There are 4 protein chains.
Amino acid sequence: MSGVRAAPRGRIDKRQAILDAAFRVFARQGYANACVQEIAAEAGVAKPTVYNHLDSKERLFREAMAAAAASATARNLAAVDRLRAPGDDLRPALQEVARRLLDCYVDERSRALWRLLNAELAAFPDLLDVVWGEGTSRVTEALADRLARLALAGRLTIADPARAAEQFSGLLMGPVDSRSRLGTRQVPEVELDELAAAAVETFLAAFGPAAA
Amino acid sequence: MSGVRAAPRGRIDKRQAILDAAFRVFARQGYANACVQEIAAEAGVAKPTVYNHLDSKERLFREAMAAAAASATARNLAAVDRLRAPGDDLRPALQEVARRLLDCYVDERSRALWRLLNAELAAFPDLLDVVWGEGTSRVTEALADRLARLALAGRLTIADPARAAEQFSGLLMGPVDSRSRLGTRQVPEVELDELAAAAVETFLAAFGPAAA
Amino acid sequence: MSGVRAAPRGRIDKRQAILDAAFRVFARQGYANACVQEIAAEAGVAKPTVYNHLDSKERLFREAMAAAAASATARNLAAVDRLRAPGDDLRPALQEVARRLLDCYVDERSRALWRLLNAELAAFPDLLDVVWGEGTSRVTEALADRLARLALAGRLTIADPARAAEQFSGLLMGPVDSRSRLGTRQVPEVELDELAAAAVETFLAAFGPAAA
Amino acid sequence: MSGVRAAPRGRIDKRQAILDAAFRVFARQGYANACVQEIAAEAGVAKPTVYNHLDSKERLFREAMAAAAASATARNLAAVDRLRAPGDDLRPALQEVARRLLDCYVDERSRALWRLLNAELAAFPDLLDVVWGEGTSRVTEALADRLARLALAGRLTIADPARAAEQFSGLLMGPVDSRSRLGTRQVPEVELDELAAAAVETFLAAFGPAAA
DNA sequence: CATGAATGAGATTTCATTCAT
DNA sequence: GATGAATGAAATCTCATTCAT
């Protein structure tokens, strides 16, 4: 009666609401401790409704993880994409990338995704492909691609772009893990800025144009 | 030494056996999925015996984690200790430390400890103090101490030893996570050697005596 | 004949289709295990449509059973009716009746009806009236009637026709239950012939004209 | 402390109590409708205790059925055994056998066993071997054996003992099913006597020494 | 001290049934 | 009249934990 013969928006929204609720609950409780009851309550539906949309707790978990991974990957790739047009000076571009990647990394949902992936790797080995394969490794590859371009353009001195990309990530993630104590403490913005700057400093010392 | 008013060795041994079994089972199944039954079976005792030694599943988990963390920390500290007497050339010493730390990191029990820590951080926040505080952060501090000494001796150029130590770790852990796909693939020895060499290369480019 | 103020044929057909599907599903799964969902699917309609035609699973069951019972009874009565005009020699007529009753008995749907009746007797005591009262007992009575007529005509020697009819049935059902292992094995036609012949043989030995 | 170091009678008794309760509940409600909760309550134990003794509802059912079948079979065989020493006149011996078999047949537990067997044959095909194969068919064979001996001794005229035994059973079961309306009505003792007598009457007419 | 047996609490999942379209 | 979506109720099974021996 609403004129345009409303598309089944309700169905889509509800499925999405359930997946979102599921991820939140899994993030709080872990897979085994989370109970479907609570997910349903958090999504504002009855328990069987959850089972109408997703067949089982396992499926619920996989789909919620896949969705979270996709979203995290997108943000990471967007950050790396900043290197596409670096401008005259490379350093500020690299720092911006670094800073954005740190933002991704300290993001609540990203941390949760990471924790859950580590936690359930033994029980759900295929998550590795979904979360890591389609996520982290694609980001590293994208970064490696950009670095390779810059090396070709003579703006960096890199023999193995893949390893350079891995080290760039490591220079960010290692310290931020330490400063945030595995994500249990909020790291002030200014400290993140410093982390990014320090990582780029080290990276450029090793791979900058004058290197070697 | 036994015989004369026997020390309760059997009791201690059994307790240790239970804790070992517990860690193995927790590592395989995660905390929530592990059941005390199985731990008892793996330790070769009956279920109530487990409860005689450790009051509850929670306690069992905490103690097993603490023991594993202590052992991992010891290995890490031993690796770092190699920097106490670096020899004339710094590079081989750093490479040896790097290589030993990688060995620690890819170790089965270490990976399990890490997974469990991530997994149960929300449910057992105090694990952070036990595992990270007494473990990882002490290792980083020890490394920072060594680096600071070397800087004072003019053999490295380091403004912030803590950050340098964090970056050193990051240059190792980032790539090895990537190469081992979160520990699900065995990384060949030779590749670990290369990883260590590359990390030290980058580190020295940034913090070597000639740096800046 | 259609077109002109269409009789609600479609409705009737659909109701029948649902009842047929219901009986098939109940036969396969039993009452409690059958689910309305599956019945709807087997009938090619949606679940609420089933509820539009039949108010509840219980009702669905009763009606499906009643329909199956009516159909089985009709076949049985037709078989017995063969005795209405026995011909000169009684034996072949009796054998034909026996043979047809065996056919009814080994029929897939009949066996299912029987199984379901036994299974749900406790839960649906009224099924006894519908299935047995309107079915089996009417058949036995019809048979008794025929036998009584033949006794009156001096062609059989029967004191209690009801009991004779029951024994006639027993002589068929007992052996066929045994040979078919409760209907789980197909009994070859020739074996059914023999069973019929043997039953009639025994029956005539006891109740034949020369008996006494 | 009870002197003779009590054998683990409690365990055995409890298992038996559970199986008994299970059979009673299954008999009342059917397999699917029975719930373990109720079985536990009827046995006077907690639900998990049931699962400690029998792994699953299915297992519970199978064992309860097997036990009931064994007990029923034993009674039936004992009845048939009466033919071992028939005495001078065969008729009273046959009547006694018949009468005892009827007793077995109208027994509450036997009827329940029969109903459950029919009901769950589709879901548990192997019950056929346990209940029928080890039960009904063994009884029929035992009866056939006895009849064959009597035929050899010239006291009966039987070509096919197996079929004779099946018919003997049929002559009892058919009428008693009818009179008891599938076991829902109690048949008076005197009527059972008559049924037995009538069955033997017919049987002897067909297979008595003077037959044919 | 070690253990077999028992249990209270809670988890996943299924299903008959009803709205709103 | 037919259907997709939603739900209340209940069933099986598991597990941490405690007695009694």
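Note that this is a predicted model, so its numbers are computed, not measured. Throughout, protein chains are lettered first and strands after them, A, B, ... in sequence-line order, and every chain is numbered starting at 1.
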Peer 1: From the options F/dT3, F/dA6, F/dT18, select the nucleotide whose nearest atom is closest to the side chain of C/Val45.
Peer 2: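 Selected nucleotide: F/dT3.
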Peer 1: Under the 3.5 Å rule, do the base of E/dG10 and the side chain of D/Lys47 count as making a donor-acceptor pair?
Peer 2: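 Side chain to base: pair found, below 3.5 Å.
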Peer 1: If you measure from the Lys or Arg side-chain nitrogens to the Asp or Glu carboxylate oxygens, is any gap between D/Glu120 and C/Arg115 under 4.0 Å?
Peer 2: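 No, this pair does not count.
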Peer 1: According to side chain to side chain donor-acceptor pair (under 3.5 Å), who are the partners of A/Arg111, at least two apart in sequence or on a separate chain?
Peer 2: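 By the side chain to side chain donor-acceptor pair (under 3.5 Å) rule, A/Arg111 matches A/Asp177.
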Peer 1: Closer to the 5' end of DNA chain E via nearest nucleotide, is it A/Glu58 or C/Asp55?
Peer 2: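 Between the two, 5'-proximity favours A/Glu58.
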Peer 1: Taking only residues two or more places apart in sequence or in another chain, which ones pass side chain to side chain donor-acceptor pair (under 3.5 Å) with A/Arg109?
Peer 2: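 Side chain to side chain donor-acceptor pair (under 3.5 Å) check on A/Arg109 returns nothing, list empty.
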Peer 1: Can you say whether the rings of D/Phe61 and D/Tyr31 are parallel (under 30°), tilted (30 to 60°) or perpendicular (over 60°)?
Peer 2: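 Ring orientation of D/Phe61 relative to D/Tyr31: tilted.
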Peer 1: Look at the side-chain N and O atoms of C/His53 and state whether any lies under 4.0 Å from the OP1 or OP2 oxygen of F/dA2.
Peer 2: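 Checking C/His53 against F/dA2: at least one side-chain N or O falls below 4.0 Å of OP1 or OP2.
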Peer 1: Are OP1 or OP2 of F/dA6 and a side-chain N or O of A/Lys14 less than 4.0 angstrom apart?
Peer 2: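 Indeed, a polar side-chain atom of A/Lys14 lies that close.
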Peer 1: From the options F/dT18, F/dA5, F/dC15, select the nucleotide whose nearest atom is closest to the side chain of B/Pro48.
Peer 2: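 Of F/dT18, F/dA5, F/dC15, F/dT18 is nearest to the side chain of B/Pro48.
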Peer 1: Do D/Asn52 and E/dA5 share a donor-acceptor pair, side chain to base, under 3.5 Å?
Peer 2: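 Absent.
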Peer 1: Would you verify whether the NZ or CZ of B/Lys57 falls within 45 degrees of the ring axis of B/Tyr51 while also being under 6.0 Å from that six-membered ring's centre?
Peer 2: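 Relative to the ring axis of B/Tyr51, which defines the angle, B/Lys57 lies outside at least one limit.
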Peer 1: According to a strict under-4.0 Å criterion, is A/Thr49 in side-chain N/O contact with OP1 or OP2 of F/dA5?
Peer 2: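 The answer is no; no side-chain N or O of A/Thr49 sits under 4.0 Å from OP1 or OP2.
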Peer 1: Dot-bracket, 5' to 3', for DNA chain E please: Watson-Crick or G-U pairs under 3.5 Å, [ ] where pairs cross earlier ones, | where the partner sits on another strand, dots elsewhere.
Peer 2: .||||||||||||||||||||
Peer 1: Among residues 30-44 of chain A, which ones have heavy-atom contacts with DNA chain F below 4.0 Å?
Peer 2: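 Close to the strand, none.
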Peer 1: How many whole angstroms separate atom OH of D/Tyr51 from atom P of E/dG4?
Peer 2: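 In whole Å, E/dG4 P lies 23 Å from D/Tyr51 OH.
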Peer 1: Which residues pass the side chain to side chain donor-acceptor pair (under 3.5 Å) test with B/Arg62, not counting sequence neighbours?
Peer 2: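 B/Arg62 satisfies side chain to side chain donor-acceptor pair (under 3.5 Å) with B/Glu58, B/Asp126 only.
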Peer 1: Is it true that A/Glu108 and A/Arg24 make a salt bridge, defined as a side-chain N closer than 4.0 Å to a carboxylate O?
Peer 2: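 No salt bridge links A/Glu108 with A/Arg24.
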Peer 1: Whole-Å distance between F/dG1 C1' and C/Ile18 CD1?
Peer 2: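 My rounded result for the distance is 12 Å.
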Peer 1: Mind checking the CG-CG spacing from B/Asp55 to B/Leu60? Nearest 0.5 Å is all I need.
Peer 2: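 The distance works out to 10.0 Å.
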Peer 1: Which nucleotide in the set E/dA16, E/dT13, E/dT3 lies at the smallest distance from any side-chain heavy atom of B/Ala46?
Peer 2: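 Between E/dA16, E/dT13, E/dT3, the one nearest the side chain of B/Ala46 would be E/dT3.
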Peer 1: Taking only residues two or more places apart in sequence, or in another chain, which ones meet C/Gln29 in a side chain to side chain donor-acceptor pair (under 3.5 Å)?
Peer 2: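 Side chain to side chain donor-acceptor pair (under 3.5 Å) list for C/Gln29, sorted by chain: C/Glu38.
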Peer 1: Measure CG/B/Leu60 against C1'/F/dC15 and give the value in whole Å, please.
Peer 2: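 For the pair B/Leu60 CG and F/dC15 C1', the rounded distance is 14 Å.
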